[in-house]
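The residues of the chain are indexed from 1 along the displayed sequence. These numbers come from a predicted model, not from an experiment.
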Amino acid sequence: MKSNTWNPFREINTIREQMNRFLDERLPEQEKTYPAVDIYEEGDNLVIKADLPGIRPDDVEIMVSEETVIVKGQHQEQESTKGQNGYYYEERSRNEFQRRITLPLKVKHQEARADIEHGVMEIIIPKAEEELNKVTRLKLNNRE
């Protein structure tokens, strides 16, 4: 049976994520972390979804470890049309981005896979065996 040992770095990561969420709620919309993500469990997998409109798959790099996912990329460079007749705004981003996500549980990072469809990236990572075995089943005893 595997013993649970205290990992101070996991605690630090938890605090960092809580601080990020706290700051994200108070920053103006344009200064929030990009890309925004949804993270949820689906069966024996952890699923991460992020909107990446206009990003080509070749322009995104995804790195997965046991406790972290990093999504790096760059919006495709487009020629600026500022100064041309009829041009009023140029607001679309052409910047590089990076998002480091501390996972809520350990995963089998070697078995991760990622897809993108209609600008929505989906990363599916199987949960580590120790996470699947964390459930303790109890027998209900009748005290009568």
For this session: Could you tell me whether the side chain of Met121 reaches within less than 4.5 Å of the side chain of Ile62, counting heavy atoms only?
Result: yes
Exercise. With the 4.5 Å side-chain cut-off for hydrophobic clustering, are Val107 and Ile39 part of the same group?
Worked result: yes
Exercise. Under 4.5 Å between any side-chain heavy atoms of Glu61 and Gln98, yes or no?
Worked result: no
Exercise. Heavy-atom distance under 4.5 Å between the side chains of Thr68 and Leu103, does that happen here?
Worked result: no
For this session: Test Met63 against Lys72 for side-chain contact (heavy atoms from CB on, under 4.5 Å), laying out the working first.
Result: CA-CA 8 Å; Met63 294 165 278; Lys72 291 171 61 171; 3.5 Å; yes
Exercise. Is the closest basic N to carboxylate O distance between Lys108 and Glu129 below 4.0 Å?
Worked result: yes
Exercise. Any side-chain heavy-atom pair from Asn45 and Pro126 closer than 4.5 angstrom?
Worked result: yes
Exercise. Is Arg99 reaching over with its side chain to a backbone N or O of Pro35, donor-acceptor style, under 3.5 angstrom?
Worked result: yes
For this session: Test Val47 against Glu41 for side-chain contact (heavy atoms from CB on, under 4.5 Å), laying out the working first.
Result: CA-CA 6 Å; Val47 179; Glu41 291 182 49; over 6 Å; no
Seminar exercise, completed: CD1 of Ile125 to CG of Leu46, rounded to nearest 0.5 Å, is 5.5 Å
Problem set entry | Nearest heavy atoms of Leu52 and Phe97, plus distance in Å | CD2-CZ, 4.0 Å
Exercise. Considering only heavy atoms from C-beta outward, does the side chain of Val71 approach that of Ile123 to under 4.5 Å?
Worked result: yes
For this session: Give, for atom CD1 of Ile124 and atom NZ of Lys49, the distance between the pair rounded to the nearest 0.5 Å.
Result: 8.0 Å
Exercise. What is the distance from atom CD1 of Ile15 to atom CD of Gln18, rounded to the nearest 0.5 Å?
Worked result: 7.0 Å
For this session: Take Ile48 and Val69 through the test side-chain contact (heavy atoms from CB on, under 4.5 Å) and record every step on the way to the result.
Result: CA-CA 9 Å; Ile48 301 171; Val69 172; 3.8 Å; yes
Exercise. Is a donor on one side and an acceptor on the other found under 3.5 Å between the side chain of Lys127 and the backbone of Gly43?
Worked result: yes
For this session: Any chance you could lay out the side-chain hydrogen bond (donor to acceptor under 3.5 Å, both in side chains) test for Asn13 and Arg16, step after step, and finish with the verdict?
Result: CA-CA 5 Å; Asn13 284 336; Arg16 184 172 48 89; 3.2 Å; yes
